[in-house]
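Remarks on the structure that follows.
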Amino acid sequence: MSHHLTLAPLRAHLSYTEPHPDHGAWTSPPRCLPTQAAAEAIRDAVTVLAGPGARARRTWTVGPCTCGGAR
């Protein structure tokens with residue numbers, strides 16, 4: 001009998017950095033999401049809703065979860 005392991009999708013953190021007039025740059029708190037695909041979907045949707053000004057100044061980061069899903 002063979003056993004197949006099914007790996008759960010890796011959780012992901014989503015944040016963005018944008019210029020700040022007094023401090024050089026500001027980074028949003030990371031948002032913990034169930035998968036990288038979910039993080040990318042939210043990034044894309046927020047970018048559309050925020051408009052071209054925000055799109056031009058924000059740098060998004062999607063990375064592995066480091067909080068174990070606690071956020």
Side-chain angles (χ1 to χ4, degrees):
M1 180 163 95
S2 77
H3 295 280
H4 296 284
L5 293 177
T6 302
L7 298 176
L10 297 177
R11 296 185 70 79
H13 279 177
L14 174 66
S15 64
Y16 65 88
T17 301
E18 64 180 32
H20 187 279
D22 299 325
H23 305 290
W26 178 82
T27 301
S28 68
R31 182 170 177 187
C32 186
L33 295 151
T35 64
Q36 181 171 338
E40 291 169 353
I42 289 175
R43 175 201 61 201
D44 295 347
V46 169
T47 298
V48 168
L49 291 172
R55 184 179 315 125
R57 69 179 178 269
R58 287 184 180 166
T59 302
W60 289 90
T61 302
V62 176
C65 172
T66 56
C67 72
R71 292 186 194 188

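In this structure the side chain of V62 reaches within 4.5 angstrom of the side chain of Q36, judged on heavy atoms. Taking the side chain as every heavy atom from C-beta outward, S15 and R31 never approach each other to under 4.5 Å.
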**Message:** Please determine whether side chain to side chain contact (heavy atoms under 4.5 Å, CB included) holds for the pair T47 and R58, giving the CA-CA distance in whole Å, both sets of side-chain angles, and the decisive distance to 0.1 Å.
**Reply:** CA-CA 9 Å; T47 298; R58 287 184 180 166; over 6 Å; no
**Request:** Apply side chain to side chain contact (heavy atoms under 4.5 Å, CB included) to C67 and H13, showing your working.
**Result:** CA-CA 9 Å; C67 72; H13 279 177; 3.3 Å; yes
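Looking at residues two or more places apart in sequence or on another chain, you find no salt bridge (Lys or Arg N to Asp or Glu O under 4.0 Å) involving E40. Residues forming a side chain to side chain donor-acceptor pair (under 3.5 Å) with T27 (at least two apart in sequence, or on another chain): T17.
V48 and Y16 are not part of a single hydrophobic cluster, where members link through side-chain heavy atoms under 4.5 Å apart.
Between atom CD1 of residue I42 and atom CG of residue L33 there is a gap of 4.5 Å, rounded to the nearest 0.5 Å.
Across all their heavy atoms, C65 and C32 have their closest contact at SG-SG, 3.7 Å.
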